Amino acid sequence: MKFATRAIHVGQGADPTTGATIVPIYQTSTYTQDAIGVHKGFDYSRSINPTRVALEAQLASLEEGAFASAFSSGVAASTAVLSLLSSGDHVVVGDDLYGGTYRLFSKVLTRFGLEFTFVDMTDLAAVRSALRPATRMLWVETPTNPLLKLVDIAAVSEICDSHGSVGGARPLVCVDNTFATPYFQRPLSLGADIVVHSTTKYIGGHSDVIGGVAITNDTAAAEGIKFYQNAAGGVPGPLDAWLTMRGAKTLAVRMREHATNAQAVAEFLESRDDVERVFYPGLPSHPQHDLARRQMSGSGGMVSFVPRGGVERAHAFAPGLEFFSLAESLGGVESLISNPARMTHGAIPQEERVRRGVVDGLLRLSVGIEDVGDLIDDLRRGLDSTR
Ligand code: PLP
């Protein structure tokens with residue numbers, strides 16, 4: 001079965017009790033048992049719920065993984081993955097990443113004895129030298145949020161293989177695949193052990209539900225994540241699971257449109273002399289354009305750029321657009337614009353942020369699937385009126 005077929009059919013069989021063609025929203029917290037301990041496999045909805053099970057089967061299949069656990073948010077999924085580690089363990093993390101992941105790692109999980117080293121993962125030598133005997137995980141975001149840098153997943157996985165073979169346990173490679181989606185990039189097939197998503201974004205696709213998922217082929221990791229899902233309880237409700245599942249059915253068609261529109265928007269921005277820099281893996285000027293072509297089958301829908309005129313112009317431009325709503329988040333059918341420094345990445349101290357290249361005037365576009373001519377006209381009007 002090919003990707004677009006799996007998105008619509010895996011986990012989506014007719015309901016066994018009624019024949020309903022669409023998986024029902026099993027809005028129930030509990031299940032009546034025939035005798036004590038005798039039931040149909042469902043006992044309590046924190047532990048298991050049929051709508052969530054259907055979503056998990058669908059998303060596992062899209063990432064070509066055997067196991068998936070769905071969560072109430074992307075950061076809940078990330079926390080579940082980190083729950084596989086113990087106090088004293090060390091994690092190497094890419095230094096350009098979603099601000100909320102940075103906050104979770106640096107402000108919460110360090111208090112439980114995990115240690116994090118942030119490195120520029122585009123530099124494989126830096127990754128290699130950050131590994132320690134206690135390193136148990138590499139956390140990779142690619143493309144990164146918000147600078148759209150790429151990390152070579154296969155190369156990073158190989159570094160972990162050789163680290164394992166010199167004595168230590170092989171660190172797990174976890175890839176946050178939120179930006180690329182499995183339509184354009186499948187990290188498990190490139191050597192990664194675990195994939196996480198904020199399903200709030202492209203997988204849900206309509207900016208109407210918060211969710212997350214962790215997917216793996218590693219039985220031990222899957223068991224640990226499933227155990228944590230039940231033990232800590234950050235599960236999506238049945239309606240949220242259903243909305244996410246409905247969105248994911250159209251992932252293939254949406255991603256094709258997002259990428260076509262984003263490419264045109266990136267090329268338009270690059271053609272403007274009042275734009276200082278454009279970040280998009282589909283542009284030949286992107287420093288890792290070749291890796292993008294090797295590792296991804298499309299460049300995604302996110303474009304970042306720095307207009308000339310400093311932070312004042314960026315702040316004047318962003319709220320004045322007609323079709324790009326000034327809003328956090330990304331991956332919905334509608335276009336959004338954000339200023340990472342003041343919005344999504346505000347949790348990272350300014351000095352640290354600027355050191356990583358997330359300058360105050362940086363703007364990030366989530367290019368939607370509206371008519372691309374309308375989107376470009378909107379950006380042109382905004383740039384001309386703030387010149
Ligand atoms: N990972 C990435 C790349 C994100 O952009 C986000 C949210 O913006 C998250 C994870 C966290 O997801 P959520 O907001 O669903 O908790």
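Every number for a ligand or one of its atoms is a count from 1 in the order of the listing. Being a predicted model, the structure only gives us computed values, none of them experimental.
- Counting only heavy atoms of the protein, atom 11 (C) of ligand 1 lies nearest to Tyr98 CE2, 3.4 Å.
- In summary, the atoms of ligand 1 found under 4.0 Å from a heavy atom of Asp176, numbered by their order in the structure, are 1 (N), 2 (C), 3 (C), 10 (C).
- Between Val306 and the choices Val311, Val278, Val359, the side chain to side chain contact (heavy atoms under 4.5 Å, CB included) rule is met once, by Val359.
- Taking only nitrogen or oxygen atoms, main chain and side chain alike, Leu330 does not reach within less than 3.5 Å of ligand 1.
- Against a heavy-atom cut-off of under 4.0 Å, Asn145 is close to the following atoms of ligand 1: 5 (O).
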Where do Leu147 and Val358 land on the side-chain contact (heavy atoms from CB on, under 4.5 Å) test, with the steps shown first?
CA-CA 7 Å; Leu147 293 176; Val358 184; 4.1 Å; yes
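- Salt-bridge formation is detected for the pair Arg132/Glu115: a Lys NZ or Arg NE/NH1/NH2 atom is positioned less than 4.0 Å from an Asp or Glu carboxylate oxygen.
- Contacts of Val75 with ligand 1, taken as heavy-atom pairs under 4.0 Å, involve both backbone and side chain.
- Using a 30° and 60° split on the angle between ring planes, Phe71 and Tyr228 fall in the tilted class, from 30° to 60°.
- Protein heavy atom in closest approach to atom 14 (O) of ligand 1: Lys201 NZ, 3.7 Å.
- Close approach to Ser73 involves these atoms of ligand 1, each under 4.0 Å from a residue heavy atom: 15 (O), 16 (O).
- Polar contact with ligand 1: present for Thr200 (N/O pair, distance under 3.5 Å).
- At a cut-off of 3.5 Å, with distance as the only test, no side-chain donor of Asp43 or Gln33 sits close to an acceptor on the other residue.
- Figure legend: cation-pi geometry between Arg356 and Phe118, with NZ or CZ positioned under 6.0 Å from the six-membered ring centre and within 45° of its axis.
- Taking every non-hydrogen atom of Ser198 and a distance limit under 4.0 Å, the qualifying atoms of ligand 1 come out as 6 (C), 9 (C), 10 (C), 11 (C), 12 (O), 13 (P), 15 (O).
- Within the 4.0 Å heavy-atom criterion, neither part of Glu328 lies near ligand 1.
- Ligand 1 places these atoms under 4.0 Å from at least one heavy atom of Gly211: 15 (O).
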Test ring-ring contact (aromatic ring centres under 6.0 Å, His included) on Phe3 and Tyr183; report intermediate values, then the result.
CA-CA 7 Å; Phe3 187 93; Tyr183 185 67; 5.3 Å; yes
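- Counting only heavy atoms of the protein, atom 13 (P) of ligand 1 lies nearest to Gly74 N, 3.3 Å.
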List the steps, then state whether side-chain contact (heavy atoms from CB on, under 4.5 Å) holds for Val151 with Glu141.
CA-CA 7 Å; Val151 179; Glu141 203 178 278; over 6 Å; no
